[in-house]
*Asks:* 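Quick one: the structure is below, and I'll ask about it shortly.
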Amino acid sequence: MIYREFQGEKLSALGFGTMRLPVLGGDYSKIDEKAAAEMFDAAIKNGVNYFDTAWGYHDGQSETAVGNILSAYPRDTYNLATKFPGYDLSNMDKVEEIFEQQLKKCRTDHFDFYLFHNVCEMNIDDYLDERHGIFAYLKKQRENGRIRHLGFSAHGSYAVIERFLEKYGESMEFCQLQINYLDWTFQGAKEKAELLGRWKIPVWVMEPLRGGKLARLPAEEEKKLKAMRPDANIPSWAFRFLLNLPEVKVILSGMSDLAQVQDNLNTFREENPLTREEWNELVSLAEGMYKKSSLPCTACRYCTSHCPKGLDIPELIKLYNEHRFTGGGFIAPMALGALPKDKWPSACLGCRSCEKVCPQQIRISEMMKDFTARLRG
């Protein structure tokens, strides 16, 4: 197992994410604990010592299942992480109540790593509002040993992460970001990682395979990778890309069966860094993947001065590209949820004033209609 040093400790570079555990009868809320226990055991026996859960995973059942399974192992042999569920604004005044329930569900007296969950456009104002007492309470739990390390996860924009850091950055020990060779440029992960680097905050990675999209590539792209390393499976390329980043300490993989655990263990058995040629090939491959389905907006902003509704058209196009490429998901709805309804794509009048000045000749009004339909669909 590859390990990374963090504050004098050795953390397994492969972290076990528990958002996609095996289930019974296709019911997401009914975890197959027997199958999951076999997966945990294989991981632990092969050096994995980091397990990540959260309040909302598996409709609230992940923490319980993780606590049940890990209770069979000595507490000092693994690191357990969970999060305060600020993705739901109704939780903002319940930090103490939720934290106490999490300890009981996970059958533990402390969390090794605890995170503000999903800092984003929708919740940044509430996370920064000290009247909720979230930071003060979590800081106190760290002081009394019930939290060993405090950090945050973020799906929000660079600007949102910057706001959070300006308020709490001095107290944050790590940050969990969505990073993979696709989102390195597509979602600006590179710039976000560099921002954290300036704060000297190490990075944990979530969605290394982009929800499985990078575990199975189109035949043309797969052929290119196989030509360079015939024996390497496709998912291993995504993990090795991340292992090349010195700021990355833990890479979380949401494993769903024993075969995935074994494949990942093989990848993380020893260092096998990408060559410069391989790195460039992955970046080029990713660029080709998202450009095939993305509108070529350069954010020149000529359009915005001609919009009678004052819409932030480049930002809406960026969200549209993400939503269409991903085939849905929560990123775009989450970001739009922080905006007034009169700034949503549905507010577009279809006047085409913006299109008359667009250097890329993007049919913006048609994009707005399609985006609105996709959000409703």
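These figures come from a predicted structure and were not determined experimentally. Residue numbers start at 1 and run along the sequence shown.
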*Asks:* Work out which heavy atom in Met206 is nearest to a heavy atom in Ser153; give both atom names and the distance.
*Replies:*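 Where Met206 meets Ser153 most closely, the heavy atoms are CE-CB, 4.2 Å.
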
*Asks:* Just by distance, with hydrogens left out, do His155 and Glu207 show a side-chain donor and acceptor under 3.5 Å apart?
*Replies:*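 Checked: His155/Glu207 side chains show no N/O donor-acceptor pair below 3.5 Å.
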
*Asks:* Are Asn123 and Asp126 linked by a side-chain donor-acceptor pair shorter than 3.5 Å?
*Replies:*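 The criterion, which ignores hydrogens and geometry beyond distance, is not satisfied for Asp126 and Asn123.
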
*Asks:* Do Leu80 and Val66 have side chains that get closer than 4.5 Å, going by heavy atoms?
*Replies:*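 Yes - at least one pair of side-chain heavy atoms lies under 4.5 Å apart.
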
*Asks:* Looking at Gly15 and Met255, what are the two nearest heavy atoms and their distance?
*Replies:*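 Heavy atoms only, the tightest pair is O-CE, 4.3 Å.
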
*Asks:* Is the shortest side-chain heavy-atom distance between Phe99 and Ile147 below 4.5 Å?
*Replies:*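 Yes. Closest side-chain heavy atoms under 4.5 Å.
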
*Asks:* Between Leu11 and Tyr114, is there a shared hydrophobic cluster once you connect ILVMFWY residues whose side-chain heavy atoms come closer than 4.5 Å?
*Replies:*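 No, separate clusters.
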
*Asks:* What's the verdict on salt bridge (Lys or Arg N to Asp or Glu O under 4.0 Å) for Asp112 and Arg75, showing C-alpha distance, side-chain angles and the deciding distance?
*Replies:* CA-CA 10 Å; Asp112 301 286; Arg75 185 63 183 85; 2.9 Å; yes

*Asks:* Verify the distance criterion only: is there a donor paired with an acceptor across the side chains of Asp41 and Tyr73 at less than 3.5 Å?
*Replies:*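 There is such a pair (donor and acceptor under 3.5 Å, judged by atom type) between the side chains of Asp41 and Tyr73.
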
*Asks:* Would you please indicate yes or no on a ring centroid separation below 6.0 angstrom for Trp204 and Phe113?
*Replies:*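 Judged by ring-centre distance (under 6.0 Å), Phe113 and Trp204 do meet the cut-off.
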
*Asks:* Can you establish whether the number of heavy atoms outside Lys318 located under 6.0 Å from its atom NZ is more than 12?
*Replies:*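 Atom NZ in Lys318 is not packed in, count stays at 12 or less.
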
*Asks:* Between Ser365 and Glu355, does a side chain to side chain donor-acceptor pair (under 3.5 Å) hold up when you go through it step by step?
*Replies:* CA-CA 8 Å; Ser365 60; Glu355 296 177 12; 2.6 Å; yes

*Asks:* For a quick test of reading the model, state the closest non-hydrogen atom pair linking Gln178 to Asn180 and the distance between them.
*Replies:*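 Where Gln178 meets Asn180 most closely, the heavy atoms are CG-ND2, 4.1 Å.
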
*Asks:* Could Glu173 and Arg148 be called an ion pair, given the rule that one side-chain N must be under 4.0 Å from one carboxylate O?
*Replies:*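 Not counted as a salt bridge, because no side-chain N and carboxylate O are separated by less than 4.0 Å.
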
*Asks:* Quick one: does Phe51's side chain get under 4.5 Å of Ile69's, heavy atoms only?
*Replies:*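 The answer is no; the side chains never approach within 4.5 Å.
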
*Asks:* Output the distance between atom CG (Leu242) and atom CD (Glu247), rounded to the nearest 0.5 Å.
*Replies:*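 Leu242 atom CG to Glu247 atom CD measures 10.0 Å (nearest 0.5 Å).
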
*Asks:* Would you please indicate yes or no on a ring centroid separation below 6.0 angstrom for His58 and Tyr28?
*Replies:*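 For Tyr28 and His58, the ring centres are under 6.0 Å apart.
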
*Asks:* Any salt bridge between Glu315 and Lys343, counting N to O under 4.0 Å?
*Replies:*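 Salt bridge: no.
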
*Asks:* Find out whether Tyr127 and Asn118 are in side-chain contact, i.e. whether some heavy atom of one side chain is under 4.5 Å from a heavy atom of the other.
*Replies:*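 No; the side chains remain at least 4.5 Å from each other.
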
*Asks:* Show the nearest heavy-atom pair for residues Pro308 and Leu349, with the distance to one decimal.
*Replies:*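 Heavy atoms of Pro308 and Leu349 come nearest at CG-CD1, 3.9 Å.
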
*Asks:* Distance from Asp32 atom CG to Met39 atom CE, nearest 0.5 Å?
*Replies:*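 Answer rounded to 0.5 Å: 9.5 Å.
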
*Asks:* Could you go through Glu9 and Lys249, starting from their C-alpha distance and side-chain angles, then the distance that decides it, and tell me whether this counts as salt bridge (Lys or Arg N to Asp or Glu O under 4.0 Å)?
*Replies:* CA-CA 11 Å; Glu9 303 177 47; Lys249 301 296 183 181; over 6 Å; no

*Asks:* Show, in sequence, the C-alpha distance, side-chain angles and deciding distance for His149 and Phe6, and conclude whether the side-chain contact (heavy atoms from CB on, under 4.5 Å) test is met.
*Replies:* CA-CA 10 Å; His149 303 290; Phe6 173 76; 3.7 Å; yes

*Asks:* Among the clusters formed by ILVMFWY side chains lying less than 4.5 Å apart, do Trp184 and Met289 turn up in the same one?
*Replies:*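 Yes.
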
*Asks:* Distance from Leu319 atom CG to Leu336 atom CG, nearest 0.5 Å?
*Replies:*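 Interatomic distance, Leu319 CG to Leu336 CG, rounded to 0.5 Å: 5.5 Å.
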
*Asks:* Check this for me, if you would: do Glu271 and Arg4 make a salt bridge, where the nitrogen-to-carboxylate-oxygen distance has to be below 4.0 angstrom?
*Replies:*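 Salt bridge between Glu271 and Arg4, a charged N being under 4.0 Å from a carboxylate O: yes.
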
*Asks:* State whether the number of non-hydrogen atoms from other residues, nucleotides or ligands found under 6.0 Å of Gln361 atom CD is greater than 12.
*Replies:*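 No, not enclosed.
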
*Asks:* Within the 3.5 Å criterion, strictly below it, is a donor on Thr326 or Arg210 matched to an acceptor on the partner's side chain?
*Replies:*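 Yes - a donor-acceptor pair under 3.5 Å links their side chains.
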
*Asks:* Judged by atom type as modelled, is there a donor-acceptor pair below 3.5 Å linking the side chain of Ser294 to the main-chain atoms of Asn321?
*Replies:*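 No, Ser294 side chain to Asn321 backbone: no donor-acceptor pair under 3.5 Å.
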
*Asks:* Just do the side-chain contact (heavy atoms from CB on, under 4.5 Å) check on Leu217 and Lys224 with the steps written out, would you?
*Replies:* CA-CA 10 Å; Leu217 297 178; Lys224 292 178 182 178; over 6 Å; no

*Asks:* Does NZ or CZ of Lys213 come closer than 6.0 Å to the centre of the six-membered ring of Phe325, within 45° of the ring's axis?
*Replies:*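 Positive - Lys213 is close enough to the ring of Phe325 and near enough to its axis.
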
*Asks:* Output the distance between atom NE2 (His117) and atom CG (Asp88), rounded to the nearest 0.5 Å.
*Replies:*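 It comes to 11.5 Å.
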
*Asks:* Just wondering, do Asn272 and Leu243 contact through their side chains at under 4.5 Å, heavy atoms?
*Replies:*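 Counting from C-beta outward, Leu243 and Asn272 never come under 4.5 Å.
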
*Asks:* So, are Asp125 and Arg163 salt-bridged, with charged N and O less than 4.0 Å apart?
*Replies:*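 The answer is yes: the pair qualifies as a salt bridge.
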
*Asks:* Test side-chain contact (heavy atoms from CB on, under 4.5 Å) on Tyr168 and Lys139 and set out the steps.
*Replies:* CA-CA 11 Å; Tyr168 301 130; Lys139 183 179 179 182; over 6 Å; no

*Asks:* When you compare the side chain of Tyr57 with that of Ile31, does any pair of heavy atoms fall below 4.5 Å?
*Replies:*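 In short, these two side chains do not touch, never coming nearer than 4.5 Å.
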
*Asks:* Is any side-chain heavy atom of Glu194 closer than 4.5 Å to a side-chain heavy atom of Lys190?
*Replies:*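 Side-chain contact under 4.5 Å: yes.
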
*Asks:* With a 6.0 Å cut-off on ring centres, are Phe164 and Phe116 close enough?
*Replies:*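 Yes: the rings meet the under 6.0 Å criterion.
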
*Asks:* Please round to the nearest 0.5 Å and tell me the distance separating atom CZ of Phe241 and atom CG of Leu182.
*Replies:*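 Between Phe241 CZ and Leu182 CG, I get 10.0 Å after rounding to 0.5 Å.
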
*Asks:* With a 4.0 Å cut-off, would you call Arg131 and Asp93 a salt bridge?
*Replies:*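 A salt bridge is absent here (no side-chain N lies under 4.0 Å from a carboxylate O).
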
*Asks:* Indicate, with yes or no, if Tyr87 and Val95 share a hydrophobic cluster defined by side-chain heavy-atom contacts under 4.5 Å among Ile, Leu, Val, Met, Phe, Trp and Tyr.
*Replies:*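 Yes, same cluster.
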
*Asks:* Val261 versus Phe16: any side-chain heavy-atom pair under 4.5 Å?
*Replies:*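 Val261 reaches Phe16 side chain to side chain.
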
*Asks:* Using the ring centroid of each side chain, check whether Tyr320 and Phe371 are separated by less than 6.0 Å.
*Replies:*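 For Tyr320 and Phe371, the ring centres are under 6.0 Å apart.
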
*Asks:* Linking I/L/V/M/F/W/Y whenever any side-chain heavy atoms sit under 4.5 Å apart, do Val205 and Leu115 land together?
*Replies:*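 No; tracing contacts between hydrophobic side chains, which count when under 4.5 Å, never links both residues.
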
*Asks:* Should we count NZ of Lys104 as having more than 12 external heavy atoms under 6.0 Å?
*Replies:*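 Atom NZ in Lys104 is not packed in, count stays at 12 or less.
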
*Asks:* Kindly work out whether a path of hydrophobic side-chain contacts (I/L/V/M/F/W/Y, heavy atoms less than 4.5 Å apart) joins Leu258 to Val48.
*Replies:*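 Linked, Leu258 and Val48 end up in one cluster.
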
*Asks:* Which value, rounded to the nearest 0.5 Å, describes the distance between Thr53 atom OG1 and Leu70 atom CG?
*Replies:*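 Thr53 atom OG1 to Leu70 atom CG measures 9.5 Å (nearest 0.5 Å).
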
